[in-house]
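Report on the following structure.
Bear in mind the structure is a predicted one, so any value in this text is a computation, not a measurement. All heavy atoms count here, side chains included; hydrogens, waters and symmetry mates do not.
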Amino acid sequence: MLDLGAAPGGWSQYVQRKIGTNGRVVAVDINAIQPIDGVEIIQLDLAAADSIERLSEKLQQRKAHVVLSDMAPNITGNSAIDSRNYFDIYAAIFRICHAVLDDSGSLVFKFFQTDETQILNKECALLFESYRIHKPKASRSASQEAYLVASGYRPEMAADGRPLIEPLG
């Protein structure tokens, strides 16, 4: 399992407890993460040109069965800037999936429901056998935060290995 935007490490810790020795958890964040038993940590800016190469090295050229992301940009209050920042993160997530998610793998990521949410729906409908949107009960009803849960990754559906979602920045 690859945990993107993992700091401070709660999701990685939870998953590690669930899978035990039956899997591997790699936590990635631009910020330093305190050591977590059984979790491999890599400090990395996912927007960096060499991020895919460094992730592949860390994964020892193997594929991840699950990509999890709880990344979120700093909110500015300007909807145009915030939307652009959201989509830069989504583009990075899908770029990483194309590089390291195995066939039939799963993706779970936090997103913010905006007017552009239909773009995420199209991307997931194309690249995964199934997906759904989940809004946690703990999330405030007024919050735009939700999670997209997709399974059955179909890498062959990506045109030229590129996602539909491109960075806006």
Side-chain angles (χ1 to χ4, degrees), residues 1-7 9-12 14-15 25-31 42 44-49 51-52 54-56 59 63-169:
M1 194 274 302
L2 183 62
D3 184 2
L4 306 175
W11 280 111
S12 292
Y14 172 80
V15 171
V25 177
V26 176
V28 181
D29 202 284
I30 193 169
N31 299 309
I42 180 170
L44 176 66
D45 179 352
L46 295 172
S51 62
I52 297 293
R54 290 187 56 202
L55 282 174
S56 293
L59 294 171
K63 299 286 186 169
H65 189 64
V66 176
V67 172
L68 170 69
S69 174
D70 200 30
M71 288 190 291
N74 293 325
I75 305 300
T76 67
N78 179 314
S79 63
I81 292 171
D82 291 342
S83 184
R84 180 174 135 187
N85 292 339
Y86 296 148
F87 269 79
D88 287 348
I89 288 174
Y90 306 151
I93 292 168
F94 282 101
R95 182 173 55 89
I96 290 165
C97 282
H98 291 305
V100 303
L101 188 60
D102 70 8
D103 293 5
S104 77
S106 298
L107 168 65
V108 178
F109 71 97
K110 177 170 46 182
F111 77 101
F112 296 85
Q113 297 179 30
T114 64
D115 293 339
E116 293 87 9
T117 298
Q118 71 272 9
I119 297 170
L120 290 175
N121 289 333
K122 286 181 183 178
E123 181 84 352
C124 286
L126 174 70
L127 296 174
F128 292 90
E129 290 176 15
S130 66
Y131 74 96
R132 66 184 175 88
I133 294 173
H134 175 72
K135 183 154 176 78
K137 291 178 184 176
S139 181
R140 293 174 298 140
S141 60
S143 173
Q144 295 177 324
E145 179 183 276
Y147 286 84
L148 201 141
V149 180
S151 61
Y153 180 58
R154 302 180 299 193
E156 70 280 2
M157 299 306 290
D160 300 325
R162 288 187 12 235
L164 297 173
I165 296 174
E166 295 290 343
L168 299 176

Interatomic distance, OG@Ser69 vs CG@Asp3, rounded to 0.5 Å, equals 7.5 Å
Rounding to 0.5 Å, atoms OG (Ser56) and NZ (Lys63) come to a distance of 7.0 Å
Rounded to the nearest 0.5 angstrom, the CG-OH distance for Leu120 and Tyr131 is 9.0 Å
What one should report as the nearest heavy-atom pair of Ala7 and Asp29 is N-OD2, 2.9 Å
For the pair Asn85 (side chain) and Pro73 (backbone), establish whether a donor and an acceptor sit closer than 3.5 Å, ignoring hydrogens and angles.
no
Parallel, tilted or perpendicular, judged at 30° and 60°: which one describes the rings of Phe94 and Phe109?
perpendicular
Here the gap from Gln144 atom CD to Ser79 atom OG, rounded to the nearest 0.5 Å, amounts to 9.5 Å
Enclosure of Asn31 CG (heavy-atom neighbours >12, cutoff 6.0 Å)
yes
For Ala146 and Ile133, the nearest pair of non-hydrogen atoms, with its separation, is CB-CG2, 4.0 Å
Any side-chain to backbone donor/acceptor pair from Ser51 onto Ala48? Under 3.5 Å, distance only. yes
Do the ring centers of Phe87 and Tyr90 come within less than 6.0 Å of each other? yes
Minimal heavy-atom distance between Phe128 and Arg154, with the atoms involved, is O-NH2, 3.3 Å
In this structure, CZ of Arg54 is separated from CG of Leu59 (nearest 0.5 Å) by 12.5 Å
Closest non-hydrogen atoms of His65 and Leu101, given as atom of the first, atom of the second and distance, are O-CD1, 3.6 Å
Quiz prompt | Check: Asp82 side chain, Ile75 main-chain N or O, donor-acceptor pair, under 3.5 Å | solution = no
(Q) So Leu55 and Leu44, do their side chains get closer than 4.5 Å, heavy atoms only? (A) yes
Item to complete: Mind running side-chain contact (heavy atoms from CB on, under 4.5 Å) on Leu2 and Leu68 for me, showing each step along the way?
Response: CA-CA 6 Å; Leu2 183 62; Leu68 170 69; over 6 Å; no
Distance col, row Ile93:CD1 vs Leu46:CG, nearest 0.5 angstrom, shows 8.5 Å
Open item on the list: Could you tell me if the side chain of Leu126 sits less than 4.5 Å from the side chain of Lys122, heavy atoms only?
Closed with: no
Closest non-hydrogen atoms of Arg95 and Ala47, given as atom of the first, atom of the second and distance, are NH2-CA, 4.3 Å
Contacts satisfying side chain to side chain donor-acceptor pair (under 3.5 Å) that involve residues 103-113 (not counting sequence neighbours) are Asp70-Lys110
Any donor-acceptor pair under 3.5 Å from Arg132 side chain to Ala150 backbone: no
In terms of heavy-atom contacts, Met71 and Leu4 come closest through CG-O, 3.7 Å
### Query
Under the 3.5 angstrom rule, does the side chain of Asp45 hit a backbone N or O of Ile30 as a donor-acceptor pair?
no
